[in-house]
Participant: 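So that we are looking at the same thing, I have put the structure below in structure tokens.
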Amino acid sequence: MSLKLLWEHLYIVICSEALAIAVGLPLGIICYLYPKPKKAIMQVVDILQTIPTLALLGIIMVFAGAGKITVIIGIALYSLLPIVRNTNLGLVQVNPGVKEAARGMGMSKMYRLFNVELPLAFPIVFTGIRIATVNAVGSAVFATFVGGGGIGFSIYNAIKAQNMGQLMKSTAALVIIAVALDFGMGLIEGSLHRGAEGKKKKGAHLSKKKA
Amino acid sequence: MIKFDNVSKRYGKKQILNKLSFEIPDGKFAVLIGPSGCGKTTTLKMINRLIEPDEGKIYIDGKDIESEDKVQLRRSIGYVIQQIGLFPNMTVAENICVVPKLLKYDKERCDQIVHDMLNMVGMPYDEYAGKYPNEMSGGQQQRIGVLRALAASPPIVLMDEPFGALDPLTREVLQDEMKKLQKKLNKTIVFVTHDMGEALKLADTIIFMEKGQIVQMAPPEEMLKNPSSSLVRSFLGKHSDGEMSSISVEDFMRTNIITVDQDRGILECTERMARSGVDTVVVVDEEDKYVGTVSIRDIKLRGMGENTIKPLISRNVQTVQRDGNAQECFDYLLNSGDNYVIVLNEDDTLAGIVTKNSMAKALSEALWG
């Protein structure tokens, strides 16, 4: 197992999460703003989650060919569920009094969304991103089957060669990445939640910048 | 002026508002009250178009609000709600400046507004402007809620049970402040409550609603005096005339009265009047029994050649017993045009008088404690 594989692995995780956020966040907002497409979006996202990873990667490979792109798209699709769900949930559960006040004071729908609802929903949205990211670390192992590289490559080889030492090292690296990401993002999440409650911590600055 | 013209609203089969028509003149404090589900909150929210009517028109200063842009309309109307709804991610200053910022006021002007607003309710700028809502008590938060609604000086402010979630003491204080602010800033306020005490305390006009219609629209005194239905009366409850009628005349009569003996001379009598600054004195006999009254006018007109005041005594002034019903006494004073009535003890001796002043005082005490 080399450092290159580790970077490859992280690269896949980061790219796929970026893609998942870029797609999932707007989808979550659409679910919140428009109840009609919500059901359809949620169902599609749910179904994506139930397809076995290898099968999904295989299907994508048909279109995107072997390589990192296939893995990144695949994991991004997997990550949609927690991100879309949490974005929608976070927006829905913003205090109704705050929402009504915002409406009653004459904020337009979009102004409300970007200046009140999203900043207040952000801690929960971030929780979704955290769950998705940690999951992605595990899913990215399958990259090796479609030529995407990453730590999966090292694990696969170790299994084939029955090299227990390498297997242990690779798995340990995987676990450490996952735990470190989870812990780091957990810290950010905690301060976001405190911020959303209005303490002079992070989170408050989200909307203050606008002020 | 806010005008409702035949406004109706239904949700499914349920009729919320039924051909509602009324007007609220500028600068008035109007309170909407009634049992839950009577449509009072719906009525309020129609004024800033949070709810749209199915039928009928609503006018503000003669302009049909349907023809105006919703968002612009709301920026020109203050809005205070029971849940307070301060933005938890914004400081007090930022919360107050929400509407000014929407209206694109520049930074200095916003700053000035925050200073003025906090100053108005006696909250020091340095201490509060940078605070976040959850660092303050509920009462303080709602104060900021009210200031936020007033910040862009809207001529109309809508308040939906704003003090309903506060403890009674804080509520009292905020009610007093609100009344003062309204007097000072001369806003038109539409206020929803289910607390009759609050309505009586704050309102210029109470609009009592039931089943989407107005049962009675009247100033507080009028509603207290003539509740138009048993429901209104039951809402008035302890505030109503029921309690007042148990108050007797002696509870609010004045007892320090200028009296003279019926055998006294005119000169002595006029001197007494002059010294006490009154134009009428009550005349009593040797046993302190009530005889009548003598006014300076009687003395001027008919006093020539008389020695004592006895021939000048008038018995036209209404008398009541000291345990008599206060309400009857008030009614008499209101309707007769007399300035006072004489109160007698059981043995016809003088007990005191009730003037219009003492009546007003008793009423205000009953209303506001």
Side-chain angles (χ1 to χ4, degrees), chain A residues 25 29 32-33 35 86-87 89-127 188-211, chain B residues 41 44-45 47-51 68-103 107 110-111 114 130-136 141-142 144-145 148-149 151-152 154 157-160 162 165:
Chain A
L25 210 62
I29 292 170
Y32 168 66
L33 292 178
N86 274 38
T87 303
L89 179 77
L91 290 168
V92 167
Q93 60 87 61
V94 169
N95 182 334
V98 170
K99 283 184 197 171
E100 189 181 331
R103 212 152 78 88
M105 320 215 83
M107 291 185 182
S108 65
K109 214 171 185 176
M110 285 301 139
Y111 190 95
R112 232 151 58 212
L113 183 68
F114 287 109
N115 290 276
V116 176
E117 290 163 348
L118 271 179
L120 292 178
F122 192 72
I124 291 184
V125 177
F126 190 81
T127 306
I188 299 173
E189 193 184 311
S191 78
L192 280 177
H193 277 288
R194 279 193 300 279
E197 280 154 23
K199 287 273 150 57
K200 287 168 192 168
K201 285 268 172 74
K202 282 180 184 167
H205 76 276
L206 282 170
S207 61
K208 258 178 108 176
K209 247 186 288 176
K210 279 258 162 194
Chain B
T41 297
L44 181 92
K45 288 185 179 175
I47 299 173
N48 64 0
R49 292 187 64 192
L50 286 172
I51 298 175
E68 289 186 55
D69 179 63
K70 258 190 224 180
V71 166
Q72 294 300 332
L73 176 79
R74 288 177 193 153
R75 289 176 190 174
S76 68
I77 298 177
Y79 190 48
V80 184
I81 55 176
Q82 181 176 7
Q83 309 92 306
I84 303 177
L86 291 181
F87 303 116
N89 53 337
M90 301 183 194
T91 61
V92 164
E94 286 163 350
N95 265 291
I96 291 176
C97 273
V98 165
V99 181
K101 232 174 76 193
L102 287 169
L103 294 170
K107 208 173 163 344
C110 286
D111 229 36
V114 176
K131 275 203 166 139
Y132 283 89
N134 76 336
E135 297 173 297
M136 300 190 298
Q141 286 185 28
Q142 191 58 299
I144 302 302
R148 181 175 64 172
V157 179
L158 310 179
M159 308 183 87
D160 189 1

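Sequence lines set the chain letters: A, B, ... in the order given, protein chains first and strands last, and positions in each chain run from 1.
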Participant: What part of B/L86 is in contact with chain A, defined as an atom under 4.5 angstrom from a non-hydrogen atom: side chain, backbone, both or neither?
Facilitator: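 The backbone, not the side chain.
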Participant: Enter the distance from A/N115:CG to B/E94:CD here, rounded to the nearest 0.5 Å.
Facilitator: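 It is 10.5 Å, given to the nearest 0.5 Å.
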Participant: Closest approach of A/V116 and B/N89, non-hydrogen atoms and distance?
Facilitator: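 Answer, listing the atom of A/V116 first, then B/N89: O-ND2, 4.5 Å.
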Participant: If you look at every heavy atom in B/G85 and A/A101, which pair is closest and at what distance?
Facilitator: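 Minimum heavy-atom contact is O-CB, 3.4 Å.
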Participant: Chain A: which of B/L103, B/L73, B/L102, B/V99 shares the most heavy-atom pairs with it under 4.5 Å?
Facilitator: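 Greatest number of close heavy-atom pairs with chain A: B/L102.
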Participant: Using heavy-atom distances under 4.5 Å, tell me whether B/K70 contacts chain A through its side chain, its backbone, both, or neither.
Facilitator: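 Neither part; nothing is under 4.5 Å.
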Participant: For chain A, which candidate among B/V71, B/N48, B/L158 shows the most heavy-atom pairs at distances under 4.5 Å?
Facilitator: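 Counting heavy-atom pairs under 4.5 Å, the top option is B/V71.
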Participant: So which bits of residues 89-100 of chain A come within less than 4.5 Å of chain B, counting non-hydrogen atoms only?
Facilitator: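 So the qualifying residues are A/G97, A/V98, A/E100.
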Participant: So among B/R75, B/R148, B/R74, which one has a side chain to side chain contact (heavy atoms under 4.5 Å, CB included) with A/M105?
Facilitator: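 Only one of B/R75, B/R148, B/R74 forms a side chain to side chain contact (heavy atoms under 4.5 Å, CB included) with A/M105, namely B/R148.
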Participant: Please look at B/I81 and chain A and tell me whether the side chain, the backbone, both or neither of the residue comes under 4.5 angstrom of a heavy atom of that chain.
Facilitator: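 Looking at B/I81, just its side chain touches chain A.
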